[in-house]
Number of protein chains: 2
Amino acid sequence: MVTIYDIAKKAQVSAMTVSRVINNSGRISDQTKAKVKKIMEELNYVPNSTARSLVTQETKMLTLLITDITNPFYTTLARGAEDAAMQLGYKLLFGNSDENLQKEKEYLDIILSTRVDGVLFAPAGDASVEHLNALKRHSIPFVLLDREVPGIESDMVIGESKEGARQLVEHLIALGHTRIALVNGSNSISTARQRYAGYWEALKLNDLPFDENLVMELGYKQLEDASLLDPLLQLDRPPTAIFAANNFLAASIVGALRSKQIRVPEQMSIACFDDFGILSQLNPFLTVVAQPAYQFGYLGVQLLVDRIQNKAAADWRKIILPTELICRESTKPLLTNS
Amino acid sequence: MVTIYDIAKKAQVSAMTVSRVINNSGRISDQTKAKVKKIMEELNYVPNSTARSLVTQETKMLTLLITDITNPFYTTLARGAEDAAMQLGYKLLFGNSDENLQKEKEYLDIILSTRVDGVLFAPAGDASVEHLNALKRHSIPFVLLDREVPGIESDMVIGESKEGARQLVEHLIALGHTRIALVNGSNSISTARQRYAGYWEALKLNDLPFDENLVMELGYKQLEDASLLDPLLQLDRPPTAIFAANNFLAASIVGALRSKQIRVPEQMSIACFDDFGILSQLNPFLTVVAQPAYQFGYLGVQLLVDRIQNKAAADWRKIILPTELICRESTKPLLTNS
DNA sequence: TTAGATCGTGTTACCGATAACATTAACATA
DNA sequence: TATGTTAATGTTATCGGTAACACGATCTAA
């Protein structure tokens, strides 16, 4: 591997002079600069950023830690993050925690040893507080994405979960539904609590009774088994509409209902939080509350890099992105007597 | 930041002894080991992998360079790659080339300076040969994903593009279609050529005429404008079925047809290469030739790491993954006189 | 003419680990 | 008892850059 010393030797200058040419810093005569550049090209020299990082104490790398890149929300978020990182001169490492604290811990250790300059963190839940405090202890800046964590102050980019949920449930109510189920993520995740709150508020605002049997906490991951929904479907008065708290749940539910020969939306209306990326374009089907996923990632990186480069205000910044209700085919007016 | 010397000092041993404890190498008395470990925990010490990389000459990082993470095929592939990398002790950087050689070049430079241990490379096209040769020059192992590049010998994981295309087109033919259009990716991409060849072969095997007006090369990206399809739709004898060479094209085409009030599949059958991940579960609609995307990434990393660690045979290995035809709603028998 | 400023470049130390070799003490063996 | 082993640890050099400071040569202004 060619090093800066090889260049220096061949150009008959010191390594420092070569370094100055590489970084275009300090004063160099045009003549020397040209000579050094020529030799660097001849030898296909590429500076070793590991060595540079060791002395400058910055890696120009960020870590994006999400729950699952195959969730379309995070897919698009990741694209936004990568675009922003690239534009700002940072590389992006990524990891999937699968909503699992143990896996999250493994990534935390990697983050610490890799000495990334900052982290975009979609925490697995409230218990992630430990991991975030570890980042603080090690002075690694981070931005929370999508989910807040009680006890943690930081920059963050989140959505209007409560508002969005309320809006979506009111849409269902407007269609005549009164028995509306909520299939939710873990209660230890802020968005799940907020979506619950929005659901509850919509019922109250419309003088509908709250029935705890209509609320299930099944986690934000895809369901492994259609029977998980049975408690809901076998109620004496089953729901006529289901609000899934995220897209994975909705997809699982639609699949489960299909396997049970329950037609959507004729027999059951379905709606959920988060859209499906390109899929929606293909065959717009599910009524959703969409969030600007790309912006979550893009703005998240901007906040983070501002913080890293000390361009940020001392106060923590909290970006709250708007949701958008998109009504499609999966929600239909309730037919009387069905 | 706590360094190995801080630990050494506090434990009253040399840095080397601490290093041995960290790496569990060499001989250390249990007593010393325990003492050092205790102090490492007390001080929240995490070894600096940048420093380690500089001396060991390995970063334990891989780069995954794909065209677009939001393409469901690459999303799932990325997940497979990350899982495998994590299991094998590697971190994963990723980049989106957008099928663009210039962007690919920028990532190449990053790859070279970052000194990653290997690269998973889905090349933008045949012209990527230059970039791949640069990797060879710098002795950076790589595995080609999904696409071959003439003039490049390497490990690779690819699909049966020709076979899959033939199968899909024969499915359309079996439904009675004789005017079948191909909307293809750039001819400078191996998969596009192979899918073209499969298309052609299917026609020949079934004694159908080949009409070059039915073939369009629009690239593998999403179409910006529905009018791009006009040359096809405004033919005297327009097609009754369209084979889109990838999922992005199919999604764009379905969208374009919708905007033109052409119903799928009643007025036009559509099928494509590559599935849509979770979307397919949601609302299975498009008939596709699916590829095992997760395996592309997972096996790709395995090949790569074998190569990096010199566990691979000297010969290049070429994994060819099978395709699977999944017939869904977007393809229907041709009605006579329509 | 001469001191001080400026320009262009070099020297040295250091970032935080590890490889290779050196050293010491305790132990084993002849 | 002398010598060779072995276990446990230390010393030194090095990975490939950059920061900080040093230095000589040329230029500028009094």
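Here is how names work: the chains are called A, B, and so on, in the same order as the sequence lines, proteins then strands, and each is numbered from 1. All heavy atoms count here, side chains included; hydrogens, waters and symmetry mates do not. Everything quoted here is computed from the prediction, not taken from an experiment.
- Using a 4.0 Å heavy-atom cutoff across all strands shown, Ser53(B) reaches no nucleic acid atom at all.
- For the atom pair CG of Leu77(A) and CD1 of Ile69(B), the computed distance is 11.5 Å after rounding to the nearest 0.5 Å.
- OP1 or OP2 of dT9(C) has at least one side-chain nitrogen or oxygen of Ser29(A) nearer than 4.0 Å.
- Protein atom CZ of Arg27(B) is 9 Å distant from nucleotide atom P of dT6(D), rounded to whole Å.
- Atoms NZ (Lys9(B)) and P (dG10(D)) sit 15 Å apart, rounded to a whole Å.
- At whole-Å resolution of the value, CD1 in Ile28(B) and C1' in dA7(D) are 11 Å apart.
- Residue Arg317(B) is tested with Leu299(B), Val143(B), Leu303(B) for a side-chain contact (heavy atoms from CB on, under 4.5 Å); the sole match is Leu303(B).
- For the helix from dT1(C)-dA30(D) to dA30(C)-dT1(D), the angle separating the two terminal helix axes comes to 50°, with each axis derived from five pairs and the value rounded to 10°.
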Polar atom pairs (N or O), protein with nucleotides 16-19 of chain D, under 3.5 Å:
unit_1  : atom_1 : unit_2   : atom_2 : d
dG16(D) : OP1    : Gln57(B) : NE2    : 3.4
dG16(D) : N2     : Ala51(A) : O      : 3.3
dG17(D) : OP1    : Tyr45(A) : OH     : 3.0
dG17(D) : OP1    : Asn48(A) : N      : 3.2
dG17(D) : OP2    : Ile4(A)  : N      : 2.6
dG17(D) : OP2    : Tyr45(A) : OH     : 3.4
dG17(D) : O5'    : Tyr45(A) : OH     : 3.1
dG17(D) : N7     : Tyr5(A)  : OH     : 2.7
dG17(D) : O6     : Tyr5(A)  : OH     : 3.4
dT18(D) : OP1    : Asn23(A) : ND2    : 2.9
dT18(D) : OP1    : Arg52(A) : NE     : 3.0
dT18(D) : OP1    : Arg52(A) : NH2    : 3.3
dT18(D) : OP2    : Ser19(A) : OG     : 2.3

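- In this structure, Ser14(B) does not reach the dT11(D) phosphate: none of its side-chain N or O atoms is under 4.0 Å from OP1 or OP2.
- Applying the side-chain contact (heavy atoms from CB on, under 4.5 Å) test between Met40(A) and each of Asp6(A), Val46(A), Val21(A) identifies Val21(A) as the sole match.
- Rounded to whole Å, atom C1' of dA8(D) lies 16 Å from atom CD of Gln12(B).
- Summarising the geometry, the separation between CG on Asn24(A) and P on dG8(C) is reported as 13 Å, rounded to the nearest angstrom.
- A donor-acceptor contact shorter than 3.5 Å links the side chain of Ser53(B) to the backbone of Ser49(B).
- Other residues, nucleotides and ligands place no more than 12 heavy atoms under 6.0 Å from the CD atom of Gln12(A).
- Of the possible donor and acceptor atoms, one in the side chain of Ser190(B) sits under 3.5 Å from a partner among the backbone N and O of Glu148(B).
- For the atom pair Lys38(B) NZ and Leu43(B) CG, the distance stands at 10.5 Å (nearest 0.5 Å).
- In this structure, Asp117(B) contributes its side chain and Leu62(B) its backbone to no donor-acceptor pair below 3.5 Å.
- Distance, Met40(B) CE to dG16(C) P: 17 Å, rounded to whole Å.
- Heavy-atom neighbours of Gln309(B) CD from other residues, nucleotides or ligands within 6.0 Å: above the threshold of 12.
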